[in-house]
Peer 1: 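Below you will find the structure I want to go over with you.
In this chain, numbering begins with 1 at the start of the sequence shown.
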Amino acid sequence: MSDGKAARMNRTVRLAIAGGCAAAGALVVGMVAGGAATPRVIPGLPDEGTLTRWMVPVSKLGMDVAGLLTVGLLLMAAALLPSDKGLLGKTALGYVKAASWASLIWAGAAALNLVFGLSQSLGQPVDVVLDGNQLTSYAGQTPQGIALTLVVLFSVSIALFARGAITVGAAGGLLVFALGTLLPPALTGHSSSSPNHGLATTSVAFHLLFLALWVGGLGLLCYHALRGHDRLSLAADRFSRMAFWCFVGVGLSGLASVAARITSITVLFTSAYGLILLLKIVAYFVLGGIGWWHRKRTLPDLAAGRAMAFVKLVLGEIMLMAGTVGIAVALAQTAPPPPDNLPTDRAFDLLGYVMPPQISFTNLLTLWWFDLFFAVIAAVLGGLYAAGVVRLVRRGDKWPVGRSIAWGLGVLILVLTTQTGVARYAPVLFSVHMTEHMILSMLVPIFLVLGAPVTLALRALKPAVRRGDRGPREWITVILHSRVAKFVAHPAIATALFVVSTYALYFTPLFASAMEEHLGHIAMSLHFLLTGTLFFWVIVGVDPAPNKLPYFGRLLLLFVTMPFHAFFAMAIMSMGSVLAADWYDQLGRTWGASSLSDQNTGGAIAWGFGEIPTLIVLIALAIQWWRADERIAKRQDRKADLIAARTGGSGDNELDEYNDYLAKLNKRDQKR
């Protein structure tokens with residue numbers, strides 16, 4: 001090994017040690033300050049012991065660090081470093097291979113956390129709980145155990161798939177997989193037991209995703225600089241643009257998470273949980289200031305070839321981020337203060353809000369309920385579309401007003417369905433839930449696909465500066481031409497997902513299980529939106545698609561699905577038992593019709609609702625068919641004019657042949 005490589009290796013090792021010490025030190029300080037390190041042990045009650053008390057957060061810290069490292073390695077390979085016609089370069093390929101080893105460490109830390117988490121939950125030393133079969137039960141039956149088991153399985157899968165990944169698309173898929181693997185443990189912690197558990201679970205998911213991209217990307221960028229690899233300026237510029245949105249996302253999601261856990265500002269100054277949270281907030285704003293300094297000073301220096309100032313500032317930022325991760329782990333081990341004057345009824349525990357009053361049209365319009373997940377989706381859909389239209393207009397291009405109106409209507413209906421009283425009453429009444437289902441799967445998608453968002457993105461986004469590299473525009477093209485897109489967008493598959501999944505949800509235990517959890521309700525609503533969008537993309541989609549049906553085939557496919565929709569509604573109306581009966585019984589609703597009668601009303605809504613979307617689709621299909629025929633006729637006329645100009649004929653081959661035939665007959669008659 002040369003002296004230069006040895007020096008770079010020593011700097012990297014020192015960085016890793018310093019970062020680990022910063023994270024461990026912050027963890028110790030947070031554990032001691034929050035009281036989790038020295039809890040009061042009451043004689044006679046179970047005690048897990050000092051080893052478990054410390055190994056739970058230590059293994060959690062190892063799990064988080066390994067997960068962030070895996071995300072950072074895959075992010076660097078898939079997005080920050082340039083590619084060559086979709087293939088990973090030598091450096092990027094090395095990062096993907098390193099992600100394989102990091103994910104194995106991730107799996108090992110999750111397994112340790114699983115064991116010591118069982119010891120903590122049972123209040124017994126770890127050597128006692130390993131003697132029996134409690135570990136198997138804990139891993140397969142409790143939410144925390146299932147979440148950690150999923151992390152072990154998913155991280156091992158990432159390790160296996162990463163060994164053979166050689167394309168940017170494969171690295172991008174593994175990055176999405178790694179981000180999803182981060183979520184299960186976070187969604188079963190304090191967030192799931194918060195009073196407003198819907199807001200808490202959604203905010204902590206967004207918080208974790210933004211934080212993983214920010215921290216993981218910065219860590220690998222620092223390593224990339226210390227190792228002296230090329231393309232540092234390009235990678236730093238790309239990361240800086242992404243880091244700004246990560247900073248905004250972390251701040252907003254963190255604010256929502258705090259609002260879901262504490263009910264008063266005074267809690268921040270009068271509780272151990274609040275003091276640790278304040279320390280984390282201070283670190284957040286300091287990191288934001290460092291990021292601003294990067295954009296103003298060090299990135300221009302880096303582009304000019306002066307990398308030393310950038311490296312020094314990044315090293316300090318890494319130390320602060322490592323300490324912030326340790327603070328976050330300590331915060332997760334500290335219980336938030338219990339809120340005062342909470343309702344004690346069962347409906348509040350299940351819903352996160354008190355049972356709403358008897359349903360009325362006025363209550364549906366006025367009793368708004370903020371759903372962070374779909375609020376973010378609506379904001380992203382509306383904001384990106386508006387930005388694309390503005391870019392086209394500024395460039396001097398035109399974009400059809402009708403498409404913008406269709407997209408705006410789709411986003412508006414999505415907001416009204418997920419944020420108003422409809423969202424508040426949907427978990428309480430099956431009829432309102434079915435209304436929400438019909439709107440999300442059969443009305444919103446029609447307007448969204450008529451807005452042609454993919455076409456707008458392909459026109460508004462600029463191609464990658466470096467030939468063979470992949471920017472947002474290239475990624476959209478790759479996804480459209482991928483095997484997955486060709487499979488799910490096949491008319492048969494899209495129709496099966498749209499029809500069969502509805503029967504599978506309501507006539508199996510899936511519906512009852514999904515109603516029990518806020519995440520289950522989000523998953524159902526998102527499924528309705530995605531399957532509906534996929535189906536109507538095949539029927540009336542304007543955007544380019546892997547499989548295009550002729551217009552008669554689209555019309556036939558629409559009429560084929562209508563009887564299945566009617567059969568589903570009839571089956572709901574004819575049922576003699578209540579779907580998810582345990583859920584509705586636990587709510588204790590005292591007003592309105594019975595659950596069975598309300599379920600029959602829901603079936604009637606499903607029966608009658610299909611008429612409006614079908615009429616909209618038929619009108620859209622008729623207009624598209626007429627415009628397509630008009631374009632074909634114009635194209636044929638232009639072709640005929642071109643042929644006529646070249647040959648001197650009419651441009652119509654059949655007409656020219658007929659005229660030649662008449663001319664021959666006339667000549668023969670003249671000879672006779």
Side-chain angles (χ1 to χ4, degrees), residues 1-20 62 65-109 154-179 181-182 212-239 242-243 302 307 310-311 314-315 318 464 466 468-471 474-475 478:
M1 182 183 296
S2 64
D3 294 339
K5 289 185 177 180
R8 289 193 294 268
M9 181 63 72
N10 291 333
R11 288 198 300 266
T12 305
V13 173
R14 288 198 298 269
L15 172 65
I17 295 175
V65 170
L68 294 175
L69 182 60
T70 304
V71 169
L73 288 164
L74 294 172
L75 175 66
M76 181 66 76
L80 300 185
L81 291 178
S83 62
D84 185 13
K85 296 181 180 179
L87 296 176
L88 295 171
K90 182 179 179 181
T91 304
L93 198 60
Y95 284 145
V96 174
K97 296 297 186 294
S100 175
W101 293 106
S103 58
L104 286 179
I105 299 174
W106 190 3
F154 291 166
S155 53
V156 170
S157 300
I158 294 172
L160 294 176
F161 288 122
R163 302 303 299 176
I166 60 173
T167 64
V168 179
L174 289 173
L175 174 60
V176 175
F177 195 11
L179 289 172
T181 307
L182 291 170
L213 292 172
W214 188 15
V215 178
L218 183 65
L220 263 294
L221 191 65
C222 182
Y223 172 81
H224 193 78
L226 290 176
R227 296 290 292 170
H229 291 305
D230 57 351
R231 303 290 182 181
L232 175 60
S233 178
L234 176 62
D237 181 68
R238 290 182 175 181
F239 173 77
M242 184 198 73
L302 185 61
F310 173 80
V311 172
V314 167
L315 287 175
I318 285 294
R466 184 176 180 272
D469 198 3
R470 283 186 181 175
E474 287 74 21
W475 274 109
V478 169

Peer 1: For Arg238 and Ala79, which heavy atoms make the closest approach, and how far apart are they?
Peer 2: NH1-O, 3.1 Å
Peer 1: Check the angle between the aromatic planes of Tyr95 and Tyr223 and answer parallel, tilted or perpendicular using the 30° and 60° thresholds.
Peer 2: perpendicular
Peer 1: Is the CG atom of Leu160 crowded by more than 12 outside heavy atoms at less than 6.0 Å?
Peer 2: yes
Peer 1: Restricting to non-hydrogen atoms, name the atom on Ala165 and the atom on Lys97 that form the minimum distance, rounded to 0.1 Å.
Peer 2: O-NZ, 3.9 Å
Peer 1: Among Leu68, Leu75, Val71, Leu69, which residue meets the side-chain contact (heavy atoms from CB on, under 4.5 Å) test with Leu220?
Peer 2: Leu69
Peer 1: Can you name the residues that form a side-chain contact (heavy atoms from CB on, under 4.5 Å) with Leu104, not counting sequence neighbours?
Peer 2: Trp101, Ala159
Peer 1: Mind listing the closest non-hydrogen atom pair of Ala77 and Leu88 along with its distance?
Peer 2: O-CD2, 3.6 Å
Peer 1: Could you give me the CA-CA distance, side-chain angles and deciding distance for Val156 and Trp106, then say whether side-chain contact (heavy atoms from CB on, under 4.5 Å) is met?
Peer 2: CA-CA 8 Å; Val156 170; Trp106 190 3; over 6 Å; no
Peer 1: Any idea which heavy atoms bring Ala162 and Val96 closest together, and the distance?
Peer 2: O-CG1, 3.5 Å
Peer 1: If you compare all heavy atoms of Ala178 against all heavy atoms of Leu74, which two are closest, and at what distance to 0.1 Å?
Peer 2: CB-CD1, 4.1 Å
Peer 1: How close do Thr91 and His224 get, heavy atom to heavy atom, and via which atoms?
Peer 2: CG2-CE1, 3.9 Å
Peer 1: Given side-chain contact (heavy atoms from CB on, under 4.5 Å), test Leu182 with Leu179 step by step and report yes or no.
Peer 2: CA-CA 5 Å; Leu182 291 170; Leu179 289 172; 4.3 Å; yes
Peer 1: Can you pull the ring-ring contact (aromatic ring centres under 6.0 Å, His included) pairs that have at least one residue in residues 158-178, sequence neighbours excluded?
Peer 2: Phe154-Phe177
Peer 1: Roughly how far apart are Leu213 CG and Leu218 CG, rounded to 0.5 Å?
Peer 2: 12.5 Å
Peer 1: Could you work out, with side-chain contact (heavy atoms from CB on, under 4.5 Å) as the rule, every residue matching Ala109, not counting sequence neighbours?
Peer 2: Met63
